[in-house]
Q: 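After the structure tokens below, expect a handful of questions from me.
Ligands are counted one by one from 1 in listed order, and the atoms in each one are counted from 1 as well. Position 1 is the first residue of the sequence; numbering continues from there. Note that the structure is a prediction, hence the values are computed from the model and not measured.
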Amino acid sequence: MSLFKKVDELRSEFKQALASSPALSDLELLKQYYLGRKGILNDLFKQIRDIEPARKGEFGNLVNKLKQDVQESIDTLMVGQKSGAGDSAGIDVSLPGVLYQRGNIHPLEQTLRDIKSIFHRLGFAVAEGPEIETQWRNFDALNFPPEHPARDMQDTFFLQNGSVLRTHTSPVQIRLMLEDQPPIRSIMPGRVYRNEAIDAGHYCLFHQVEGLYVDEHVTHGELKATLELFCREYFGENVKLRFRPSFFPFTEPSNEVDVSCFLCNGKGCRVCKQTGWLEIMGCGMVDPNVFSSVGYDSEKYTGYAFGMGVERIAMLKYGINDIRLFFENDVRFLRQF
Ligand code: DAH
């Protein structure tokens, strides 16, 4: 066989040897075999003396090229194997993989879902209304007198056509009652707007969940029982409720509801400001004037209503101390839920 042909043959033989993905120890042997002092390529090189003078240069180059290629291939594979965990393909299986961050549910959405699911089990339907409302539905029909301070520019965003960005979800009560006759039992989640100075506790928009139950013989006792059940489900079995007298134009009597602080069990801590109680919602019996504005007979029907701020509830539950975090969409915040 000509020596030229021999070079070709060694090259393809080497390629074949690599094709079987040799392990590190095999690579050492291959290196010895091809490139060692007594290796096959040195041996071949010595045979240059048998080549006719005119082709000696050509032959020398050919063998040198093969030597170089063998050296490079083996070195590359060896580096791959040494950094790897011994995997034969030179892949380091111990390196961390490419991490795909999974999306997760926004804490507000999670809170809303939890609230909805509890009221769903209590037989409440879910209704929604638009964020742009007439002043009539947002205020008048809810028994706000014409000079009520909540109508002020300081609190309410007015649109040029005289509508408002709803300041609460209570106008959805009006929509429901205008559309349907009792019994009505619904919660009404949604976004509301207030023209307030923004700080850790206030934002220009937030979310509320409204509740309304109207039928014959609905009592304040049922209101208390329903809210107690909700709070136990949501905040924990051992929370206590406290109903304080309050005022809302659309309910009479009206209450503010506190739950015993579920962080300190009512002993007093930073979150409940040492009072042992957390204020979580407003409620009351639907004012007869509200029934009049939707054409219900207030002699026949009674009802209760309640309204809670979703951000506030989420902040208490998850220990979030700044309402703005809900709206900034900083993944470092969102990833924690
Ligand atoms: N609409 C009230 C607010 O935005 C919350 C509220 C209080 C709603 C008492 C009610 C209720 O339905 O009965 O502050």
Side-chain angles (χ1 to χ4, degrees), residues 112 115 119 122 124-129 131 133-145 148-152 154-157 164-178 184-196 201-215 218-228 230-231 241-259 278-291 293-294 296 298 301-313 323:
L112 260 173
I115 294 172
F119 281 108
L122 292 171
F124 283 76
V126 177
E128 284 181 8
E131 291 170 22
E133 267 298 5
T134 60
Q135 291 192 46
W136 185 77
R137 282 194 215 87
N138 196 80
F139 295 124
D140 301 83
L142 289 163
N143 197 36
F144 280 76
H148 194 283
R151 296 183 184 235
D152 202 278
Q154 314 261 278
D155 293 283
T156 308
F157 287 111
V164 296
L165 293 182
R166 64 180 179 191
T167 58
H168 50 179
T169 42
S170 303
V172 190
Q173 289 187 26
I174 302 300
R175 288 179 174 272
L176 281 187
M177 289 191 277
L178 285 174
I184 287 182
R185 182 152 45 185
S186 258
I187 55 166
M188 295 147 260
R191 182 175 282 195
V192 304
Y193 298 83
R194 299 257 174 106
N195 190 5
E196 286 179 316
H202 302 86
Y203 200 60
C204 49
L205 63 91
F206 57 99
H207 298 75
Q208 290 186 331
V209 174
E210 190 82 14
L212 177 70
Y213 178 32
V214 182
D215 203 347
V218 176
T219 66
H220 194 261
E222 282 177 83
L223 169 62
K224 284 179 77 174
T226 305
L227 295 183
E228 216 165 280
F230 165 75
C231 289
L241 260 68
R242 182 168 82 172
F243 284 68
R244 283 180 291 108
S246 184
F247 176 80
F248 301 102
F250 35 90
T251 44
E252 183 57 38
S254 304
N255 296 113
E256 213 108 36
V257 183
D258 301 340
V259 290
L278 300 166
E279 184 187 318
I280 51 146
M281 66 174 111
C283 68
M285 300 305 289
V286 179
D287 193 293
N289 286 343
V290 175
F291 284 148
S293 45
V294 297
Y296 278 10
S298 59
Y301 297 115
T302 53
Y304 63 71
F306 55 87
M308 60 189 101
V310 184
E311 281 78 359
R312 175 158 172 80
I313 286 182
I323 192 172

Q: Would you be so kind as to tabulate the donor-acceptor pairs closer than 3.5 Å made by side chains of residues 301-310, with sequence neighbours excluded?
A:
residue: T302; atom: OG1; partner: V218; partner atom: N; Å: 2.8
residue: T302; atom: OG1; partner: V218; partner atom: O; Å: 2.7
residue: Y304; atom: OH; partner: T226; partner atom: OG1; Å: 3.1

Q: Please identify which of these residues, L212, L178, V214, meets the side chain to side chain contact (heavy atoms under 4.5 Å, CB included) condition with Q173.
A: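 Checked L212, L178, V214 against Q173; only one passes side chain to side chain contact (heavy atoms under 4.5 Å, CB included): L212.
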Q: Polar pairs, ligand 1 vs protein, N/O only, below 3.5 Å.
A:
residue: ligand 1; atom: 1 (N); partner: H168; partner atom: ND1; Å: 3.0
residue: ligand 1; atom: 1 (N); partner: S170; partner atom: OG; Å: 3.0
residue: ligand 1; atom: 4 (O); partner: R194; partner atom: NH2; Å: 2.9
residue: ligand 1; atom: 4 (O); partner: Q208; partner atom: NE2; Å: 2.9
residue: ligand 1; atom: 12 (O); partner: Q173; partner atom: NE2; Å: 3.2
residue: ligand 1; atom: 12 (O); partner: E210; partner atom: OE2; Å: 2.5
residue: ligand 1; atom: 12 (O); partner: F306; partner atom: N; Å: 3.4
residue: ligand 1; atom: 12 (O); partner: F306; partner atom: O; Å: 3.3
residue: ligand 1; atom: 13 (O); partner: A305; partner atom: O; Å: 3.2

Q: Parallel, tilted or perpendicular for F119 and F230, by the 30°/60° rule?
A: parallel
Q: Restricting to salt bridge (charged side-chain N to carboxylate O under 4.0 Å, His left out), what partner residues turn up for R191, sequence neighbours left out?
A: none
Q: Residues two or more places apart in sequence or in another chain: which of them pass salt bridge (charged side-chain N to carboxylate O under 4.0 Å, His left out) with E133?
A: R137, R175
Q: Mind checking whether F250 and H168 have parallel, tilted or perpendicular rings, split at 30° and 60°?
A: perpendicular
